[in-house]
2 protein chains.
Amino acid sequence: MPLPFPILSAAEAAAMIENGQTVGFSGFTPAGCPKAIPMAIAAQAEAEHAAGRPFRIGVLTGASTGDSLDGALARAKAIAFRAPYQSDPTLRAQINAGETKFFDMHLSVMPQMIRYGFLGPIHWAVVEASDVTAGGGIVLTTAVGAAPTFLQKAGKVLVEVNRRQSPSWLGMHDIYQPVDPPHRSDVPIYSPVDRVGSPLCTVVPEKIAGIVETDLDDETVGFAPPTDVTRRIGMHIAEFLASEIKAGRIPKTFLPIQSGVGDIANSVLGALGAHPGIPNFQMYTEVLQDSVIPLLQRGRVTFASTCSLTLSAEMIREVTAQLEWFRPRLILRPQEITNHPEVVRRLGIISMNTAIEVDVFGNVNSTHIMGRQMMNGIGGSGDFTRNAYLSLFSCPSTQKGGKISTIVPLVSHMDHSEHSVQVVATEWGVADLRGLSPVERAEQLINRCAHPDFRESLRDYLRLTKGQHTPHHLGAAFKMHLQFMETGDMRGVKW
Amino acid sequence: MPLPFPILSAAEAAAMIENGQTVGFSGFTPAGCPKAIPMAIAAQAEAEHAAGRPFRIGVLTGASTGDSLDGALARAKAIAFRAPYQSDPTLRAQINAGETKFFDMHLSVMPQMIRYGFLGPIHWAVVEASDVTAGGGIVLTTAVGAAPTFLQKAGKVLVEVNRRQSPSWLGMHDIYQPVDPPHRSDVPIYSPVDRVGSPLCTVVPEKIAGIVETDLDDETVGFAPPTDVTRRIGMHIAEFLASEIKAGRIPKTFLPIQSGVGDIANSVLGALGAHPGIPNFQMYTEVLQDSVIPLLQRGRVTFASTCSLTLSAEMIREVTAQLEWFRPRLILRPQEITNHPEVVRRLGIISMNTAIEVDVFGNVNSTHIMGRQMMNGIGGSGDFTRNAYLSLFSCPSTQKGGKISTIVPLVSHMDHSEHSVQVVATEWGVADLRGLSPVERAEQLINRCAHPDFRESLRDYLRLTKGQHTPHHLGAAFKMHLQFMETGDMRGVKW
């Protein structure tokens, strides 16, 4: 049956979007993002700018995106406002130059803030689909993100049907949006495997302004192979969790795992899979990376719930080729649900995220370089950390060839406070901060996590003041950062 | 029917508690805390110390307590470890001198961390009761706190039956503890009025080591009458919320209110009650103060769910005298439930808490004076703020007679990050930070909330660096704090 929606070129679709409007895009990481329409919007912005006319839009997404979305639009200087997360180098530079306004949010909160009207109107939803039905059913692709909310709240909808993604993705998604207060009920997920919603998003067909056909792979970036440092971090975390099971502080059946994005997360999951003291486990996470697919195939991971399949093109093809095998083992949900505090606390998630820096009292910086420059955003780390059964952070103990210590006197920006950070791991070991006073936490972090090159210096910092609950010296707290900004090296600070 | 438990003097009960043990006490604020037994433990500690023997215990509570608990034990130097919150001047001094180890926690997390074994074993639960049954039923008094968890996990139990509190408190409590992961279900509260648990706590009768009879009022402290500053803060918040209802961003039926403790909270509730644009409302909060009782009586507050009735002795007597009238309008729950992220996000709570200081980018310090000295603790503010429908913080724009600005370049300790703080109010006005970039937030906070004496100085700070997402100058970020520590005045900083 032919679809009752106009088939458009990407340029025709982009031409409907006006300067100053706000667009919500599907996807979460480069997975599931539209590609052709954002590139066409970028081209249109360049043409408008060349003609001396302004053209900038508000860009709302699930999380980060691919180069054809944030990259192309940023290069075209077409983004006025951006939320809730990004990781594109050009866009990052514009945000840090103050040229693009960026609102850095907890990812679970983004959809409800849009529904509540806190972020203003959404003019367009632009979503990638593997299939569309005449009644306004939209089968998403490799991620869900905030697409269901954008589709609900947007005035008009453009669908990018990606022929590279099989329509058999139908059934891999579980689309559920909570009703808003005061009429909200529970999110009825009591186990990662619970399916509570619809296999497709639905919109009023009249809102669909057109369909653009594409054939483009997700622009996911491969991971670096494990290094000695990431392997040691993974090993320490696996060993720590196994010892917690042995001590009876984690159930013998283990608990669902959430894992952040990146090379360390990839290594940690590999280490969990390899450790004999870790039973087969489930994942309830926001991003699934390549390392989990073989764990699923080997039965080490028995089920995975995620918002996004951030897989290499080869891995996506492998999953697609065996979709019937993965169907009972894998589900894609909206970020409001994968990251929902209710579900995270109920399931007893063990959360594992990476830090930019950690201070000696256990506060974590996840977002800002030297307190000023935005890296990517807080992402889902706050959703998971605050509500987890057990919350872990990891990072290498140094950066820039040993010149930066990631363990510092005071984080230059704080995203996760001492009240929520329970365990920290570097390649040197694990600091278990539960139940410790600030001074005891500092001992743990310095002795077990800091690089030996910085341990004595950090101890010297603590000697500057005495007789305080949190013995900071506000005049010296950023001396390591300031010296780095001046000399490029944090080592050898004179307190 | 006589109870099958030994009736003890407070001294006999205290004598069972050994040096080095951990004791969990009932209560939340001075309400519902045991009084006679902790005073007897303090006396015992003093006697032991006089005899040259060590005597210090771990003290776990719901939140702060009364003078006969934290005060007496601190004066006797009997507290080795303390969690999760306190507000006693002697104890605070010992914590800040590093003599007592203090672990500052989100109050909703405390009970589950105890059950998970993260804080070690609990040797004793000492709880105040209005009645006890032969089968181990314990009817609590004016607060619940973490008593149900202490009773479940403690090796032995001592009950202080307070004859001042009517046994007719039976039915005013709703005792519910979630099952632990991986078997946890939903917390079935869908409206503040929902009753989901038992009217009394139950323990294995064999664990009850004895009963001590007392007749002591809760040691609640009265509030200062509203000042011009607190009245203006209350008025601004009421006006802001009324305008949000008008704009359709808060439902016309309004949403349940959570309100922190103290004079400002008292004033804000008074202002909400008086504002014609605020409909009658419900409360879902952790502490109920005097100001709410007349609002309940006038029907402005139609129902209140709380962890604690932190009322003056006269107000408690008024409530007790009309217990049948209050019964369908008032309920007391454990802190794990009043502060539960699942329930807070589901009900769509509007959270209102006080700040020690707020930085120009919207980060909030709730705990540390000048970054080092512990005030009270984070309490429930993190539980509510992170999960609220809308989160507000308030504080006077200055302290110490105008010498301290509560709006500063960088908070000296961070408890609530920019990602969770949505609205800030001082006596000057309201800064609505939703959807704003850091630079835009700074404009709002400086122009609407900072005291005029500090506005130009704060703008000068922002001029120190340019072209950053968050334009901090780490070498100058604490200059106002450092000048205050040197001269006693933050005004007129030379950047």
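Sequence lines set the chain letters: A, B, ... in the order given, protein chains first and strands last, and positions in each chain run from 1.
Closest approach of A:G382 and B:R386 over heavy atoms only: O-NH1, 2.8 Å. Taking every heavy atom of both residues into account, B:N376 and B:F102 meet most closely at O-CZ, 3.6 Å. Residue A:L462 comes nearest to A:A442 through the heavy atom pair CD1-CB, 3.6 Å, listed as atom of the first residue, atom of the second, then distance.
Your options are A:T367, A:N363, A:I378, A:L390, and the one with the most heavy-atom pairs under 4.5 Å with chain B is A:I378. With chain A as the partner, the residue from B:E244, B:K479, B:M374, B:E440 showing the most heavy-atom pairs under 4.5 Å is B:E440. Across B:Q422, B:M370, B:Q468, the residue that shares the most heavy-atom pairs under 4.5 angstrom with chain A is B:Q468. Heavy-atom pairs under 4.5 Å with chain B peak, among A:Q373, A:M485, A:E342, A:E418, at A:E342. Considering only heavy-atom pairs separated by less than 4.5 Å from chain A, the leading option among B:V187, B:D104, B:I95, B:D432 is B:D104. Annotation: maximal heavy-atom pairing with chain A below 4.5 Å, among B:G348, B:G467, B:G435, occurs at B:G435. Across A:R249, A:R345, A:M414, the residue that shares the most heavy-atom pairs under 4.5 angstrom with chain B is A:R345. Most heavy-atom pairs under 4.5 Å with chain A: of the set B:V439, B:N96, B:I250, this distinction falls to B:N96. Counting heavy-atom pairs closer than 4.5 Å to chain B, the top residue among A:S417, A:P181, A:G117 is A:P181. Of the listed residues (B:S420, B:P84, B:G98, B:A477), the greatest number of heavy-atom pairs within a distance under 4.5 Å of chain A belongs to B:S420.
Side-chain contact between B:Y85 and B:M105: absent, with no pair of heavy atoms (C-beta onward) separated by less than 4.5 Å. By the 4.5 Å heavy-atom criterion applied to side chains, B:M375 and B:R92 are counted as neighbours. Two residues are said to be in side-chain contact when any heavy atoms from C-beta on lie closer than 4.5 Å; A:M490 and A:V408 meet this criterion. Contact annotation: the side chain of B:V411 never approaches that of B:F361 to less than 4.5 Å [non-hydrogen atoms, C-beta and beyond]. Side chains of A:E443 and A:L436 form no contact here, defined as non-hydrogen atoms less than 4.5 Å apart.
Defined by atom type and a distance below 3.5 Å, a donor-acceptor pair is missing between the side-chain atoms of A:R346 and A:N387. B:R82 and B:Q94 form no side-chain donor-acceptor contact under 3.5 Å, judged by distance and modelled atom types alone. A donor-acceptor pair shorter than 3.5 Å cannot be found between the side chains of A:S412 and A:H368. Counted by atom type alone, B:Y190 and A:H183 present zero donor-acceptor pairs between their side chains at under 3.5 Å.
For chain B, the nearby part of A:A97 is the backbone; its heavy atoms alone come within less than 4.5 Å. Neither the backbone nor the side chain of A:S191 comes within contact range of chain B; no heavy atom of the residue lies under 4.5 Å from a heavy atom of that chain. Both the backbone and the side chain of A:S185 have a heavy atom closer than 4.5 Å to some heavy atom of chain B. At a 4.5 Å heavy-atom cutoff, the contact between A:H481 and chain B is made by side-chain atoms alone. Residue A:E99: no heavy atom, backbone or side chain, is found under 4.5 Å from chain B. Looking at A:L119, the atoms closer than 4.5 Å to chain B (heavy atoms on both sides) all sit in the side chain, from C-beta outward. Only the side chain of A:R441 comes within contact range of chain B, with at least one heavy atom under 4.5 Å from a heavy atom of that chain. If you measure heavy-atom distances from A:T100 to chain B, you find no contacts under 4.5 Å at all. Of the atoms belonging to A:L433, it is backbone heavy atoms, and not side-chain ones, that fall under 4.5 Å from chain B. For A:P182, the parts sitting under 4.5 Å from any heavy atom of chain B are the backbone and the side chain alike. Of the two parts of A:A388, only the backbone, made up of N, CA, C and O, holds a non-hydrogen atom closer than 4.5 Å to a non-hydrogen atom of chain B. Contacts of A:F81 with chain B are made by side-chain atoms alone, with heavy-atom separations under 4.5 Å and no backbone atom involved. At a 4.5 Å heavy-atom cutoff, the contact between A:H413 and chain B is made by side-chain atoms alone. For a residue to count as touching a neighbouring chain, one of its non-hydrogen atoms must lie under 4.5 Å from one of that chain's; by this rule A:L482 touches chain B with the side chain only.
Not counting sequence neighbours, the partners of B:Q112 by the side chain to side chain donor-acceptor pair (under 3.5 Å) test are B:Y116, B:R184.
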Evaluate the criterion ring pair (Phe, Tyr, Trp, His ring centres under 6.0 Å) for residue pair A:F484 and A:F478; output intermediate values, then yes/no. CA-CA 10 Å; A:F484 175 82; A:F478 293 135; over 10 Å; no
